[in-house]
Amino acid sequence: MYTKIFRAVIIGAPGSGKGTISELICKNHGCVHISTGDILRQNIIKNTELGKKAKQYIAEGKLVPDAIVTKTMLARITEVGNRSYILDGFPRNIAQAEALSAREQIDAVITLDVPHSVIIDRVKNRWIHAPSGRNPKVPGKDDVTGEPLMQRKNDKPHVVAKRLELLDEVMSPVIAWYEKQGLVATFKGKKTKEIWPMMELFLNDRINA
């Protein structure tokens, strides 16, 4: 038996358990978690040139342009080198998917199918560590820094419902594009503990030969 290099994309709504699932994949299979959101947040905190640009677009209520996101993510993939990885938050459209495909051979696109009602109920009670975007497990304070947590205004149920609808519209073409290549594996469930055993079987089959 040998373990091969495994390159995957994970797609799921905020609150779907995507972060937890990604952590489990990386912990159990030695993958690097490459998250667009994490990279942009860290650059904003460090006030880098990328961070300044991203902050400006976000402040104006705009998406960070494709060219910037794609260049940033491909650069991070290059840094990772000959290691397995999970891409989180990229690609978000066909143009980004095509740019990624021109550079990398993706082995699987993992999609999380969690009912919107479950996500809305989960998110409305969510508290985050604002500087890092983490969702700590310890009530009232950040796991890493011990700093106080906050609730985001856009985590209100009606706002979340609308955001989920928009996300489905945005990501459906990307998923369809990958489905034509036979790369999509969809996992349905309400909780991570329901989804993970099925995913672990899939990963063992794909990664270990």
Side-chain angles (χ1 to χ4, degrees), residues 3-46 48 50-51 54 64 68-93 96-97 99-101 103-114 119 122-123 126 128-138 142-145 167 171 174-175 178 183-187 189 191-208:
T3 301
K4 67 176 184 179
I5 300 299
F6 181 69
R7 301 177 176 93
V9 172
I10 187 165
I11 297 173
S16 65
K18 180 162 55 97
T20 302
I21 290 287
S22 296
E23 286 179 10
L24 287 169
I25 294 173
C26 293
K27 178 181 177 182
N28 288 277
H29 297 283
C31 297
V32 178
H33 182 208
I34 306 177
S35 164
T36 308
D38 288 349
I39 291 173
L40 292 178
R41 275 191 294 270
Q42 287 304 312
N43 276 274
I44 289 171
I45 291 170
K46 294 176 182 177
T48 64
L50 169 62
V64 179
I68 294 176
V69 172
T70 300
K71 181 179 179 181
T72 300
M73 293 300 282
L74 292 181
R76 179 66 183 118
I77 289 170
T78 299
E79 290 175 2
V80 167
N82 198 32
R83 297 176 63 189
S84 297
Y85 60 72
I86 301 292
L87 295 177
D88 179 355
F90 179 83
R92 293 293 293 267
N93 55 46
Q96 291 181 2
L100 175 63
S101 179
R103 262 274 311 269
E104 298 287 311
Q105 175 61 54
I106 296 300
D107 299 302
V109 176
I110 298 165
T111 68
L112 303 180
D113 186 353
V114 179
I119 294 175
R122 187 180 293 166
V123 169
R126 181 170 65 179
I128 68 162
H129 177 243
S132 68
R134 284 188 292 270
N135 303 128
K137 298 176 177 62
V138 177
D142 180 48
D143 295 340
V144 178
T145 66
L167 184 64
M171 296 309 301
V174 178
I175 294 171
Y178 279 119
L183 293 174
V184 176
T186 300
F187 298 89
K191 297 180 179 180
T192 297
K193 66 181 181 182
E194 295 173 7
I195 294 172
W196 177 247
M198 297 181 289
M199 189 176 293
E200 181 71 328
L201 289 173
F202 168 79
L203 293 170
N204 284 336
D205 181 61
R206 285 297 183 95
I207 299 176
N208 301 320

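The structure displayed is predicted, hence computed values, not measured ones.
Each of Arg92, Met171, Lys18 was compared with Ile11 under the side-chain contact (heavy atoms from CB on, under 4.5 Å) criterion, and only Met171 meets it.
Counting heavy atoms from C-beta on, the side chains of Ile175 and Val109 never come closer than 4.5 Å. Between Ser84 and Asp107, every side-chain heavy-atom pair lies at or beyond the 4.5 Å cut-off. Side-chain contact check for Phe187 versus Val114: every heavy-atom pair is 4.5 Å or farther apart. Taking 4.5 Å as the limit, some side-chain heavy atom of Leu203 sits within range of a side-chain heavy atom of Phe6. Contact check for Thr192 versus Leu24: side-chain heavy atoms found under the 4.5 Å cut-off. Within the 4.5 Å cutoff, the side chain of Thr36 has no heavy atoms near those of the Thr72 side chain. Within the 4.5 Å cutoff, the side chain of Glu104 has heavy atoms near those of the Tyr85 side chain.
Separation of atoms CD1 (Ile5) and CG (Asn82) is listed at 4.5 Å; rounding is to 0.5 Å. Distance check: Leu87 CG to Gln96 CD gives 10.5 Å after rounding to the nearest 0.5 Å. Within the model, atoms CD1 of Ile86 and OG of Ser35 stand 12.0 Å from one another, a figure rounded to the nearest 0.5 Å. The OG1 atom of Thr48 sits 9.0 Å away from atom CG of Leu40, with the distance rounded to the nearest 0.5 Å. Summarising the geometry, atom OG1 belonging to Thr186 is positioned 9.5 Å from atom CE belonging to Met199; distances are rounded to the nearest 0.5 Å. Of the inter-residue distances, the one linking Ile21 atom CD1 with Ile195 atom CD1 reads 5.5 Å to the nearest 0.5 angstrom.
Residues Leu167 and Ala13 come closest through the heavy atom pair CD2-CA, 3.4 Å. Phe202 approaches Ala108 most closely through the heavy-atom pair CZ-CB, 3.9 Å. Taking every heavy atom of both residues into account, Leu74 and Ala99 meet most closely at CD1-O, 4.5 Å. Residues Cys26 and Val32 approach most closely at SG-C, 3.8 Å, considering heavy atoms. Contact between Pro91 and Ala97 at its shortest, heavy atoms only, is CB-N, 3.4 Å. Contact between Val9 and Phe90 at its shortest, heavy atoms only, is CG1-O, 3.7 Å.
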Evaluate side-chain hydrogen bond (donor to acceptor under 3.5 Å, both in side chains) for Thr78 paired with Arg103, printing each intermediate quantity in order.
-> CA-CA 10 Å; Thr78 299; Arg103 262 274 311 269; 3.0 Å; yes

Evaluate side-chain contact (heavy atoms from CB on, under 4.5 Å) for Ile110 paired with Ile25, printing each intermediate quantity in order.
-> CA-CA 11 Å; Ile110 298 165; Ile25 294 173; 4.2 Å; yes

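At distances below 3.5 Å, at least one donor-acceptor pair connects side-chain atoms of Asn204 with backbone N or O atoms of Glu200.
Looking at residues two or more places apart in sequence or on another chain, you find no side chain to side chain donor-acceptor pair (under 3.5 Å) involving Gln105.
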